[in-house]
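Written below as structure tokens is the structure these notes are about.
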Amino acid sequence: MIGLEDAPFTYEYQQHFKILPSIHDWNTSNERIKDGVKVPDDFVYSSDNNPDWMEPDTLADWIDSNHSSLANPK
């Protein structure tokens, strides 16, 4: 979940988003941003606008294949 208040500090990457805090100017640090693309200032990422959904069978398979690492985190 990325709320409207976080959009000015949010960058999009191929597989994830990164919210960089403004403390120490992290949100403008090229070292931290790397190849991220700044999202629009009115950007919101929430359950109702998420374009990626797993079908129930796909989710069940994912849970089965990751159960041991989820049950026993390092």
Side-chain angles (χ1 to χ4, degrees):
M1 306 285 286
I2 300 171
L4 188 60
E5 65 279 357
D6 289 322
F9 313 106
T10 302
Y11 294 83
E12 184 172 3
Y13 299 81
Q14 187 173 1
Q15 296 292 320
H16 64 280
F17 293 93
K18 186 187 292 185
I19 302 170
L20 295 170
S22 60
I23 190 168
H24 305 298
D25 296 321
W26 285 10
N27 65 314
T28 59
S29 167
N30 289 332
E31 181 181 338
R32 295 180 190 285
I33 297 168
K34 297 188 180 175
D35 62 342
V37 176
K38 176 77 176 69
V39 300
D41 282 341
D42 62 348
F43 178 83
V44 173
Y45 187 87
S46 59
S47 296
D48 65 335
N49 71 3
N50 175 12
D52 299 317
W53 291 86
M54 284 186 186
E55 294 297 323
D57 290 343
T58 304
L59 177 58
D61 290 344
W62 184 90
I63 291 170
D64 287 344
S65 65
N66 291 284
H67 181 263
S68 62
S69 63
L70 296 172
N72 301 309
K74 293 180 180 179

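Worth saying up front: this structure is predicted, and the values here are computed from it rather than measured.
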Distance-only criterion, 3.5 Å: show the donor-acceptor pairs between side-chain atoms of residues 32-42 and protein atoms not counting sequence neighbours.
from	atom 1	to	atom 2	distance (Å)
Lys38	NZ	Ala7	O	2.9
Lys38	NZ	Asp41	OD1	3.4

(request) Enumerate the residue pairs fulfilling side-chain hydrogen bond (donor to acceptor under 3.5 Å, both in side chains) with a member in residues 49-58, sequence neighbours excluded, ordered by first and then second residue. (result) Tyr45-Asn50
(request) Taking side chain to side chain donor-acceptor pair (under 3.5 Å) as the test, write out the residues that go with Asp48, two or more places apart. (result) Ser46
(request) Working to the nearest 0.5 Å, report the span between CH2 of Trp26 and CD of Glu31. (result) 10.5 Å
(request) Looking only at non-hydrogen atoms, find the nearest pair between Thr10 and Asp6 and report the distance. (result) OG1-O, 2.6 Å
(request) Please name all residues satisfying side chain to side chain donor-acceptor pair (under 3.5 Å) with Tyr13, sequence neighbours left out, ordered by chain then number. (result) none
(message) Who clusters with Val44? Use side-chain heavy atoms, under 4.5 angstrom, across I, L, V, M, F, W and Y, and order the result by chain and number.
(response) Leu4
(request) Under the ring-ring contact (aromatic ring centres under 6.0 Å, His included) rule, collect the residues that match up with Phe9, sequence neighbours excluded. (result) none
